[in-house]
Amino acid sequence: MYTLIKNIDTARRGEFSTIHGTVQTPAFMNVATTAAIKGGLSAQDLEDIRCQVMLCNTYHLHLRPGDDVVATMGGLHKFTNWKRPILTDSGGFQVFSLAKLRKIKEEGVYFASHIDGHKIFMGPEESMQIQSHLASTIAMAFDECVENPAEYSYSKNSCDRTTRWLKRCKAEMTRLNGLETTINNKQLLFGINQGCCFDDLRIEHMKEIRELDLDGYAIGGLAVGEPKEEMYHVISAVEEYMPKDKIRYLMGVGTPGNILEGVKRGVDIFDCVMPSRNARHGHINTWNGIINIKNAKYLLDESPIDPECDCPVCRNYSKAYIRHLFKAEEMLALRLSVIHNLYFYNNLMEKIRNSLDDGTFSVFYEKYVELLDTRI
RNA sequence: GGGAGUGUUCCCGAGCGGCCAAUGGGGGCAGACUGUAAAUCUGUUGUCUACGACUUCGAUGGUUCGAAUCCAUCCGCUCCCA
């Protein structure tokens, strides 16, 4: 249940209560695709870096270890020992990212497993069943994330199909939540807006799905190659048709600058692989921009990644040491970098919330919207 | 003491008369990454007054229109026989 605490223009400060606790928004969800943060972070680590929501993936967990296994183990919370909310993505993004390995039909999508090539079918019902087995706090609707650019006619057909799939998702989720054997029978369902970069499709689709009175609404299919101005335009275009009393999720976004733009346009929650993936590749967020810790200039740099940061990494280690760990291919390099970057994102959201609380969001936005995405 | 090899750009290692500034790895340097098939991928790595020029393949001298590639001597290393 979403409560809007405060509005500053279209920006929203709110909170979202679930059976696994309350999420202060705007918030960033930390991506743990296979029920683990890549780079070697545990649920305990996530608590330490002030993560509010963990995000896992339906497709990946269905393949390994199998949602039946997770269900037998008591659901994702018990399995991972993460106590707070978990959002599971539906597999819709894999319809996009595994494009070479799948075929889309009305009933659903046929995948060839990226692991061993065996055939997998996933439709709205299957996705809901898997997510019910995983027992996440929030299930995402099974959608098609369309590539960009896409033809208008293709986008429209896909969008219509995603709406039909959403109705099937809702029906199946209602059924599953009514079963006695369901681990989490309060599982929430978020719908996903699609429509590529066509305003009329986006708006029409949003109007249709808001009628379904879901627990939250996501904007999907963005940050898939379109210019960022186009992404911001789509968010603004669709925002006014999103229910005010429901949480809004911008899927897969993004850079700190993208997040500030999203918050400004009324988005409540975000997720993105960038902080963790970039960390693994040595690209580290700081309050002065992005550094590449592997660069030779840090060879003898005894200062922390960011003197303004009070994360466990910045309090204890120098740039020179972390650079060395990368060069020596020590896995601690990945772990420390991921801890820092995710802390940075979680901390960024906290600062955004504080600035909304005390009315200084526009100052915060102006100061950081460009700076944080700049390479230094 | 006798015999057989071998010496290549930061390292390993191809090349055995012109298409060689010299394959391929490694290392170095840099870049990309947005609901994670991603501890991955890409570029670059002799010098310069840079679509051309110059200096390199143990050293020196030679053969040739032309040599990292052939010859001679020397130096270093390796192996075998005594």
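Sequence lines set the chain letters: A, B, ... in the order given, protein chains first and strands last, and positions in each chain run from 1.
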| said: Which nucleotide, if any, forms a Watson-Crick or G-U wobble pair with B:rU60, using both distances under 3.5 Å? | reply: B:rA72
| message | Do A:V253 and A:V234 land in one hydrophobic cluster if side-chain heavy atoms of ILVMFWY residues count as linked below 4.5 Å? | response | yes
| task | Considering only atom P, compute the distance from B:rU6 to B:rG27 and round it to an integer number of Å. | result | 29 Å
| Ring centre gap for A:F28 and A:F270 strictly below 6.0 Å | no
| field | B:rA14 and B:rU63, which share atom name P, separated by this distance in whole Å | value | 32 Å
| message | Would you say A:S158 and A:E144 are linked by a side-chain donor-acceptor pair, where the criterion is simply a distance under 3.5 Å? | response | yes
| Base partner of B:rU47, which must satisfy Watson-Crick or wobble distances under 3.5 Å | B:rA53
| task | Answer with base, sugar-phosphate or nothing: what part of the nucleic acid does A:Q194 contact at a heavy-atom distance below 4.0 Å? | result | base
| query | Hey, where on RNA chain B does chain A first and last touch, going 5' to 3'? Cut-off is any atom under 4.0 Å from a heavy atom. | reply | B:rG28 to B:rU40
| message | Taking the six-membered ring for Trp, are A:F364 and A:F361 closer than 6.0 Å centroid to centroid? | response | no
| request: Could you check whether A:I115 gets within reach of a base, just the sugar-phosphate, or nothing at all, counting any heavy atom under 4.0 Å? | output: nothing
| Can you tell me how far P in B:rU69 sits from the matching atom in B:rC57, rounded to whole Å? | 9 Å
| Using purine N1 to pyrimidine N3 plus N6-O4 or O6-N4 for Watson-Crick, or N1-O2 and O6-N3 for G-U wobble, both under 3.5 Å, which nucleotide pairs with B:rA4? | B:rU78
| task | Say whether A:M54 and A:L188 are linked into one hydrophobic cluster, either directly or through other cluster members, by side-chain heavy-atom distances under 4.5 angstrom. | result | no
| message | Say we look at B:rG76 and B:rA30: how far apart would their C1' atoms be, to the nearest angstrom? | response | 38 Å
| request: Compute the ring centroids of A:H114 and A:Y59, then answer whether they are less than 6.0 Å apart. | output: yes
| query | How far, in whole Å, is B:rC19 from B:rC54 if one measures between their P atoms? | reply | 15 Å
| said: Please report the distance separating the C1' of B:rG7 from the corresponding atom of B:rG15, rounded so that it comes out in whole Å. | reply: 15 Å
| According to the Watson-Crick and G-U wobble definitions, with both distances under 3.5 Å, which nucleotide is paired to B:rC10? | B:rG26
| remark: For residues 83-92 of chain A, the side-chain hydrogen bond (donor to acceptor under 3.5 Å, both in side chains) pairs (sequence neighbours left out) are A:N81-A:K83, A:T88-A:Q131, A:T88-A:S136
| remark: B:rG35 -> Watson-Crick or G-U wobble partner, both distances under 3.5 Å, gives none
| task | Taking atom C1' in both B:rG58 and B:rA68, compute the distance separating them and give it to the nearest angstrom. | result | 12 Å
| said: Both A:H281 and A:N295 contact RNA chain B. Which one's nearest nucleotide lies toward the 5' end? | reply: A:N295
| For atom P, what is the distance between B:rG28 and B:rG3, given to the nearest Å? | 46 Å
| When all nucleic acid strands are considered with a 4.0 Å heavy-atom cut-off, which category describes A:I192: base, sugar-phosphate, or nothing? | base
